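To keep things clear, I will list the structure first and then write my remarks on it.
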Amino acid sequence: MSEHEFKSDEHEALFSHAVSAQPGSLKGPLRDIFEIYYAADEELKKDEWSDIDLILDAEISKRKLAEKKEDAAKAAARVREAARRRRTKELIELGGLVRLSGISADSATLLGGFLRLREIFEANELADSYRERAKELLSK
């Protein structure tokens, strides 16, 4: 190759990969390096190395950006999963409260009852009384 001082081991590894590849097997920036390297008569000139360094910088930045996007997607998936678990837990707890109350009615009747309860709570009618009765039942 050359006695060029690479910026990092990552630069050197990418460059080695590019110049040792089979013709036509590379795409994008690494193909450009391959073509620059093999188009040089003997030794790469200073400005050619400068171009190669820029290409390597761009390729490394592109790969790091792809890794960051992947990490962000994984983090978003974890957040969605946590929210789904919280919602599932809340629904199970509410179902447990319905079962604990001993109510056995169809869904429409239960919904009507819940809507009436909402009206009571919004008007603050009997809410304290209901709360006390529930505390007694839950403490048993």
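One is the number of the first residue; the rest follow in order along the sequence. Everything quoted here is computed from the prediction, not taken from an experiment. Just so you know, these numbers use all the heavy atoms, side chains as well, and skip hydrogens, waters and symmetry mates.
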Quick check for you: to the nearest 0.5 Å, what is the distance between [X] atom [atom1] and [Y] atom [atom2]?
X	Y	atom1	atom2	answer
I33	F15	CD1	CZ	7.0 Å
E5	W49	CD	CH2	11.0 Å
L56	D32	CG	CG	11.0 Å
L97	L137	CG	CG	9.0 Å
H11	I60	NE2	CD1	4.0 Å
R133	E136	CZ	CD	8.5 Å

Taking 4.0 angstrom as the limit, do [X] and [Y] come out as a salt bridge?
X	Y	answer
K62	E59	yes
E67	R63	no
R86	E90	no
E81	R84	yes

Residues R116, E119; criterion salt bridge (charged side-chain N to carboxylate O under 4.0 Å, His left out); working and verdict: CA-CA 5 Å; R116 176 64 184 129; E119 292 169 1; 3.3 Å; yes
Do [X] and [Y] come close enough that some side-chain heavy atom pair is under 4.5 Å?
X	Y	value
L100	L138	yes
R85	K89	no
I36	I55	yes

- So, S101 side chain and V98 main chain: donor-acceptor pair closer than 3.5 Å or not? yes
Does atom CG of D9 have more than 12 heavy-atom neighbours, drawn from other residues, nucleotides or ligands, at distances under 6.0 Å?
-> no
Indicate whether the side chain of D47 and that of S50 have a donor and an acceptor atom separated by less than 3.5 Å. no
